[in-house]
Every structure is written in structure tokens, then in C-alpha cells.
Amino acid sequence: MSGELIIQQLLNGLSLGFMYALIAVGFTLFFGVIEVVNFAHGEVFMLGAFCALVASEVLLATGLLSGSILFFALVLLAVLAAGAAVGIAMEKVIIKPLRNAPEIMTLLITLGASIVMRESIMLFFPNGRNPQPFPLLIDMPGLTLGGIFIKPDVILTVLLAGGLITGLYLLIEKTAFGRYIRATAQDREAAMMMGIKVNKIFLITFALGSALGAVAGLMNGMAYGIVKFNMGFVIGIKGFAAAVVGGLGNVYGAVAGGLLLGFMEILAVALIPDGSRFQESISFVVVILFLVFRPAGIFGERAYEKV
């Protein structure tokens with residue numbers, strides 16, 4: 001394999017890894033701050049993709065031409081808003097009422113919510129059982145550097161995910177609200193005694209994590225040109241795997257875990273003969289290895305320093 005092809009595959013791995021990272025960050029925010037493992041997060045990813053589909057059709061109906069920066073920005077805002085709204089609804093309706101219930105109850109109810117979301121799209125979305133073609137959101141050329149062609153969806157995914165993760169870093173590390181999130185994650189009771197409104201922190205954290213997951217769904221649609229009602233199940237598990245690999249509860253570990261899984265999947269497909277057959281198994285093999293040999297994840301002891 002030539003050096004140019006290896007670099008091309010690494011760029012594809014970076015794009016896929018950032019997609020996993022956005023999903024993993026949601027999982028780790030839920031667990032780190034609210035102490036919830038949200039098995040419906042993969043379906044929020046799926047809803048994000050379908051929201052982008054609906055938003056683009058609405059914009060086209062108003063006469064706005066697809067492919068422009070304005071068109072893409074409006075679809076992105078719609079996906080962010082829809083993801084946040086779904087997160088708020090889930091926190092208020094199914095997470096908050098079970099705040100003091102056994103953890104298994106929360107696991108079961110989020111699993112049930114994921115099934116409801118998936119089946120609702122299949123039953124009520126027009127032609128929902130079949131794959132839906134994803135529209136062109138922004139028309140931009142690819143980039144050729146040193147003989148290496150970089151696809152436009154790879155450029156967009158890296159820029160968008162990089163921007164969102166950087167924004168999340170600044171929010172958590174550089175703002176008062178970020179300090180409230182970290183304080184709540186470290187000691188909920190002490191945060192309440194200091195006057196922090198933890199219920200508000202929980203609500204915003206759930207909205208934030210869900211919005212990031214929904215954007216990952218939009219990225220998936222742009223990358224593959226198709227969306228399906230059942231697209232969230234496997235990728236949701238992969239996002240959870242990335243969070244575990246990085247150290248569940250650590251935002252930066254989730255990013256590292258997502259990138260690691262993305263690179264490993266792409267390189268396995270590129271380097272192993274007939275490697276595409278093993279792509280879906282890579283994430284789970286990596287998780288098993290980490291759980292056996294490094295259960296704290298990539299960040300080791302720091303995994304316990306939530307958020």
C-alpha cells in the first residue's frame with residue numbers, strides 16, 4: 001500500500017473517529033454528571049439524521065437552494081435544536097422521575113425509549129421502513145494536497161466535530177457553567193450545598209449530549225448519503241464502546257476512544273484482506289481487551305475524575 005493511500009485512510013479514520021467521539025462524549029456526559037447510562041443515545045443519533053432530512057425538505061419547499069452555506073447552517077441549527085429538545089424531553093419524562101431508582105430501572109427505561117424511537121420512525125415516517133436518500137447539504141469541492149484527495153464530507157466532518165469539541169472544552173474548562181458541571185460531577189450533594197441548581201445542570205447536560213449525538217447523525221448522512229430507521233443501534237453501541245475505551249465519565253477520554261476506534265476500523269478494512277467483514281467486530285474486540293487489561297480506559301486513574 002502506498003504512502004498516499006495510507007494517509008487517505010488515516011483521514012477517513014479521523015472523520016469516522018470524530019463521529020464516534022461526538023456520540024461517546026454524550027454517553028460520558030450522561031454518566032459523568034447524571035450517573036446514567038443512556039441506551040437511547042444511538043436513536044438520538046438516528047433522529048438527528050432524519051431531522052436533517054426533514055429540515056432540508058422544508059427549506060427546499062421555501063425555495064432556498066440546497067448546497068449553500070446558509071442552507072447547511074440552517075439544517076445544522078435545526079438538528080442541534082431537535083437533539084437538545086429530545087434530550088430535554090427524555091430527562092424530564094423518563095430520567096428525572098427515576099433519579100433515585102435502582103440503576104437497572106434507568107437502563108431498562110432508556111432501552112425501552114430507544115425501541116419506541118426506532119419503531120416510531122419505521123411506522124410513521126413516510127416510507128420509513130426503507131433507506132432514505134440523504135440530500136446534498138453543502139456543495140463544496142474536495143481538496144487535493146500532495147496528490148492526496150480529501151473528500152468534502154471528510155473536511156466538513158473534521159471541521160464541524162473539531163469545532164464542537166473545542167467549544168465543549170471551552171464551555172467546561174473556561175466558563176462558570178462548566179465549573180458547575182464539574183462540581184456536580186465530582187460531588188452532587190456538595191454542589192447543592194454551594195447553591196448550584198443541580199436539576200438545571202442535569203437538564204442542560206442531557207440537552208448538550210443529545211445535541212452532539214444528533215449532529216453525529218447528520219455527519220453520518222453526509223458521509224454515506226443514506227439514512228435508515230435502524231442506523232442508531234450499532235453505532236450507539238460503538239459510541240458507548242468508545243466512551244468505555246477512553247474511560248467512561250471522562251470527556252477527553254471519550255474523544256480519544258472515538259478516534260482510536262475510528263482509526264482501527266478504517267485501517268482494519270484497508271490493511272486486512274477482506275477486512276470489511278471484520279469492521280463491525282473491531283469495536284467490541286477492543287472493548288473486551290480494554291475491560292480485561294485496562295478497565296479504567298485510556299486515561300487510567302484520571303477516568304475517575306469525572307468530566
Side-chain angles (χ1 to χ4, degrees), residues 1 4-28 41-46 48-49 52 76 79 131 134 137-138 140 142-143 145 148-166 168 209 212-228 230-246 251-272 274-287 289-290 297-298:
M1 180 179 288
E4 292 179 356
L5 188 55
I6 290 177
I7 294 175
Q8 180 73 67
Q9 295 300 333
L10 288 175
L11 289 171
N12 292 336
L14 184 66
S15 173
L16 183 63
F18 267 133
M19 194 187 308
Y20 290 158
L22 285 183
I23 302 170
V25 166
F27 274 112
T28 214
H41 194 45
E43 307 313 323
V44 176
F45 162 88
M46 177 271 294
L76 176 61
V79 170
F134 199 78
L137 299 183
I138 184 167
M140 60 178 284
L143 186 63
L145 291 175
I148 301 169
F149 178 71
I150 306 175
K151 295 187 293 183
D153 61 272
V154 171
I155 299 172
L156 270 176
T157 298
V158 171
L159 290 177
L160 183 55
L164 289 172
I165 290 171
T166 302
L168 182 66
L212 293 178
V215 173
L218 179 150
M219 291 176 177
N220 187 274
M222 290 195 304
Y224 297 103
I226 199 166
V227 297
K228 297 182 289 186
N230 58 353
M231 63 188 283
F233 178 70
V234 172
I235 206 162
I237 295 178
K238 288 184 179 180
F240 182 67
V244 171
V245 168
V251 170
Y252 313 115
V255 176
L259 292 174
L260 177 64
L261 290 190
F263 282 127
M264 292 192 68
E265 284 193 11
I266 292 296
L267 291 179
V269 172
L271 300 177
I272 299 174
D274 203 12
S276 59
R277 292 192 305 159
F278 309 108
Q279 182 177 3
E280 299 297 335
S281 306
I282 294 294
S283 304
F284 307 107
V285 171
V286 171
V287 168
L289 291 176
F290 264 89
I298 292 174

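Taking all atoms of both residues into account, the shortest heavy-atom contact from Val251 to Val25 is O-CG2, 4.2 Å. For the pair Val227 and Gly221, the tightest heavy-atom approach, listed with the atom from each and the gap, is CG1-CA, 4.1 Å. Between His41 and Gly26, the shortest heavy-atom contact is NE2-CA, 3.7 Å. The two residues Ala242 and Ala24 come nearest to each other via the heavy atoms CB-CB, 3.8 Å. In terms of heavy-atom proximity, Ala52 sits nearest to Leu218 at CB-CD1, 4.1 Å. Listed here is the closest heavy atom pair of Val79 and Gly48: CG2-O, 3.7 Å.
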Let me have the donor-acceptor pairs involving side chains of residues 153-166, under 3.5 Å, with sequence neighbours excluded, atom names and distances please.
{"unit_1": "Thr157", "atom_1": "OG1", "unit_2": "Asp153", "atom_2": "O", "d": "2.7"}
{"unit_1": "Thr166", "atom_1": "OG1", "unit_2": "Gly162", "atom_2": "O", "d": "2.7"}

Mind listing the side-chain donor-acceptor pairs of residues 257-269 below 3.5 Å, one per line with the distance, residues two or more places apart or on another chain?
{"unit_1": "Glu265", "atom_1": "OE1", "unit_2": "Tyr20", "atom_2": "OH", "d": "2.9"}
{"unit_1": "Glu265", "atom_1": "OE1", "unit_2": "Gln279", "atom_2": "NE2", "d": "3.3"}
{"unit_1": "Glu265", "atom_1": "OE2", "unit_2": "Tyr20", "atom_2": "OH", "d": "3.2"}
{"unit_1": "Glu265", "atom_1": "OE2", "unit_2": "Lys238", "atom_2": "NZ", "d": "3.2"}
{"unit_1": "Glu265", "atom_1": "OE2", "unit_2": "Ser283", "atom_2": "OG", "d": "2.8"}

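A heavy-atom distance below 4.5 Å is not found between the side chains of Met231 and Ile226.
Listed by first and then second residue, the salt bridge (Lys or Arg N to Asp or Glu O under 4.0 Å) pairs that reach into residues 215-227 come to none, sequence neighbours excluded.
Interatomic distance, CG of Leu11 versus CD1 of Ile6, reported as 12.0 Å (0.5 Å rounding). One finds the CG atom of Leu14 at 13.0 Å from the CD1 atom of Ile7 (value rounded to the nearest 0.5 Å). The line from CG of Leu168 to CG of Leu212 is 6.0 Å long, rounded to the nearest 0.5 Å. Within the model, atoms CG of Leu16 and CG of Asn220 stand 9.0 Å from one another, a figure rounded to the nearest 0.5 Å. Note: Leu76 CG to Met219 CE = 8.5 Å, rounded to the nearest 0.5 Å. Between Met222 atom CE and Ile138 atom CD1 the span is 8.5 Å, to the nearest 0.5 Å.
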query = Under the side-chain contact (heavy atoms from CB on, under 4.5 Å) criterion, do Phe284 and Ile237 qualify, and how do the steps go?
reply = CA-CA 9 Å; Phe284 307 107; Ile237 295 178; 2.9 Å; yes

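A donor-acceptor contact shorter than 3.5 Å is absent between the side chain of Gln8 and the backbone of Ile148.
Checking each of Phe45, Phe233, Phe27 against Phe240 for a ring-ring contact (aromatic ring centres under 6.0 Å, His included) leaves exactly one that passes, namely Phe27.
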